[in-house]
Undergrad: 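Pasting a structure here, questions to come.
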Number of protein chains: 2
Amino acid sequence: MNLEIGPINKSSLSKQVADQLQEAILEGTLKADDRLPTEEELAQRFQVSRPTIREALKRLAAKNLIRSRRGPTGGSFVNHLGTNELSDHLTTATTLFVSMNDVSLDEISSTRLEMESYCFRLACQHRTEEDLKRLEQHLIYQKNKNISPEEFCAADVRFHRAIADSSHNKMLSFIMYTLIEALQPVSNMIAYRFREREIITSQHERIFNAISNQDRKLACAILEEQINYLQQLHEEAQENHQQ
Amino acid sequence: MNLEIGPINKSSLSKQVADQLQEAILEGTLKADDRLPTEEELAQRFQVSRPTIREALKRLAAKNLIRSRRGPTGGSFVNHLGTNELSDHLTTATTLFVSMNDVSLDEISSTRLEMESYCFRLACQHRTEEDLKRLEQHLIYQKNKNISPEEFCAADVRFHRAIADSSHNKMLSFIMYTLIEALQPVSNMIAYRFREREIITSQHERIFNAISNQDRKLACAILEEQINYLQQLHEEAQENHQQ
DNA sequence: ATAAGTTAATTTGTCATACAAATATAAAAT
DNA sequence: ATTTTATATTTGTATGACAAATTAACTTAT
């Protein structure tokens, strides 16, 4: 005689608490840098034990929604989520999605080409002097031949991110950050050889000049060249690997 | 005399454990549907207490990386992360990003227009008979005038998602899922009036026909019409609100 | 009086233990 | 043979205690 009425709370208490707190953050009841009640207070309010509250808080911490500090002025605080704070979070999600769903390199690079072209067009229109200055600094750093492969990759990411930011469209920047990351595993393979480094860097230099001169067509053409180049290198690497 | 050598473990134990497990999942050591050791076993292996292990597991659960079940055959299992599983996760991140960084509706809708146009072009090229059948089913459901506003919104999301999937580019689908969600708060305002519902539905019908006939230009034109229409409604609503 | 050091208070982090709830398996009763 | 019952396993929750970090107030020495 299973006559349960109403939607029974099937999920665990820690999840329910986490969801309620998240809702408060999303609604704006809890704003950025606000301090949450102490764990003990939360436990009393929600009528659950402290470990349960802690599990809930860790759920939020995993999503980067809150941070915690010890001590008298410590506690849990609502995070301000900018592009940078969310990027590492999105990176793991994207990486997992790509690996678990057998997303092909072609799918990634064609999507990225389409979107980054849009970025380039906007950047050519709206780039400020500060944008150009930032891009140039990244470029100079990249030319340094003493940096490690890892540093070169990171610099590559930063350069493309800077262009995305130069579009002055925050939504677009946000999306591009994930797409740039998605293609990184491929770029990583390349950064070890110096000759390829030089090619990439020179392409970046030409892109910089094109954006500086607000030449949309040229900028997009070089981008396409670079993405095709990466794809080609990847195919060669795979063939070598199969032998 | 602060001579600590080496990178001290600054983060909490539960975070360290969570990171290690996540790394194992990302690397492929733990594959989808694999079962993790029991909490007690994990506690022994990592030499920490069970509550600490639990906090770590809840961190992973918050990211949708694992699921848990009770009982003899229960435990924690690695999730298979498809587009759907990740989308709700990304949705909260996107929603927060939009609200916390004052992303304008214009930034969102222009980005979405650009990306969804690309979707439409690909969908016109690659749509299969199954794709069309799915789209038609969503359309039929949407025409039903008895569904609640919430259901109408959800149906709207599903329709646009189905088009994204019809592009047969998984990376693009993944990105589009977040973008569609980001514009939902605006659409939600609209679904309450029946006249607007009819306009939206008729636009969807025309989009369906265009994709069915592989008419790229027409499909994209109607999309632009719809997004502009939403933006216009939003502006009107804001003006009314200010009065 | 000022500066340094010390103590106390607050809050998160961790641990140990116990029990409740769910669930599958095997045994027992109908 | 089918249903019921018992039982073992595993996550979920509660309680209590202590450790570690950090700030504020206080004390002491110069």
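Sequence lines set the chain letters: A, B, ... in the order given, protein chains first and strands last, and positions in each chain run from 1. Every value quoted in this text rests on a predicted model; they were computed, and no experiment measured them.
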Undergrad: The criterion is ring-ring contact (aromatic ring centres under 6.0 Å, His included); which residues satisfy it with B:Y118, sequence neighbours excluded?
TA: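 Counting only residues at least two positions away or on another chain, B:Y118 forms no ring-ring contact (aromatic ring centres under 6.0 Å, His included).
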Undergrad: Considering only heavy atoms from C-beta outward, does the side chain of A:I175 approach that of A:M171 to under 4.5 Å?
TA: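 A side-chain contact under 4.5 Å exists here.
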Undergrad: Looking at residues at least two apart in the chain, or sitting in another chain, which of them share a side chain to side chain contact (heavy atoms under 4.5 Å, CB included) with A:A155?
TA: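 A:A155 satisfies side chain to side chain contact (heavy atoms under 4.5 Å, CB included) with A:Y141, A:Q142, A:R158 once adjacent residues are dropped.
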Undergrad: Can you list the residues that meet the ring-ring contact (aromatic ring centres under 6.0 Å, His included) rule with A:H204, with sequence neighbours excluded?
TA: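 Here the qualifying residues are A:F159, A:H160.
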Undergrad: Going by the rule ring-ring contact (aromatic ring centres under 6.0 Å, His included), which residues pair with B:Y177 if we only count those two or more places apart in sequence or in a different chain?
TA: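 ring-ring contact (aromatic ring centres under 6.0 Å, His included) list for B:Y177, sorted by chain: empty.
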Undergrad: List, with names and distances, any nitrogen or oxygen atoms from the protein found under 3.5 Å away from nitrogen or oxygen atoms belonging to nucleotides 4-6 of chain D.
TA:
none

Undergrad: Salt bridge (charged side-chain N to carboxylate O under 4.0 Å, His left out): which pairs involve residues 101-110 of chain B, sequence neighbours left out?
TA: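 Sorted result for residues 101-110 of chain B: A:K170-B:E107.
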Undergrad: Can you list, by residue number, the residues of residues 38-60 of chain B that have a non-hydrogen atom closer than 4.0 angstrom to DNA chain D?
TA: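 Within this stretch, B:T38, B:E39, B:R50, B:R54, B:K58 sit under 4.0 Å of the strand.
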Undergrad: Show me the pairs that pass salt bridge (charged side-chain N to carboxylate O under 4.0 Å, His left out) and involve residues 179-189 of chain B, at least two apart or across chains.
TA: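 Every pair satisfying salt bridge (charged side-chain N to carboxylate O under 4.0 Å, His left out) with a residue in residues 179-189 of chain B: B:R161-B:E181.
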Undergrad: Show which side-chain atoms of residues 64-74 of chain A pair as donor or acceptor with protein atoms under 3.5 Å away, not counting sequence neighbours.
TA:
residue, atom, partner, partner atom, Å
A:R67, NH1, A:V78, O, 3.2
A:R67, NH1, A:N79, OD1, 2.7
A:R67, NH2, A:D33, OD1, 2.9
A:S68, OG, A:S76, OG, 3.2
A:R69, NH2, A:T73, O, 3.0

Undergrad: Under 3.5 Å, which donor-acceptor pairs do the side chains of residues 17-24 of chain A form with other protein atoms, sequence neighbours left out?
TA:
residue, atom, partner, partner atom, Å
A:D19, OD1, A:K15, NZ, 3.4
A:D19, OD2, A:K15, NZ, 3.4
A:Q22, OE1, A:K63, NZ, 2.7

Undergrad: So which protein N/O to nucleotides 21-24 of chain D N/O distances come out below 3.5 Å?
TA:
residue, atom, partner, partner atom, Å
D:dA21, O4', A:R70, NE, 3.4

Undergrad: Let me know the distance between CG of A:L13 and P of D:dT11, rounded to the nearest Å.
TA: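 A:L13 atom CG is separated from D:dT11 atom P by 17 Å.
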Undergrad: I want to verify a distance call: between C:dT14, D:dT11, C:dT11, whose nearest atom is closest to the A:R35 side chain?
TA: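 Among C:dT14, D:dT11, C:dT11, the one nearest the side chain of A:R35 is C:dT11.
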Undergrad: Output all residues satisfying salt bridge (charged side-chain N to carboxylate O under 4.0 Å, His left out) with A:K143, sequence neighbours left out; order by chain, then residue number.
TA: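 With neighbours one apart ignored, the set is A:E205.
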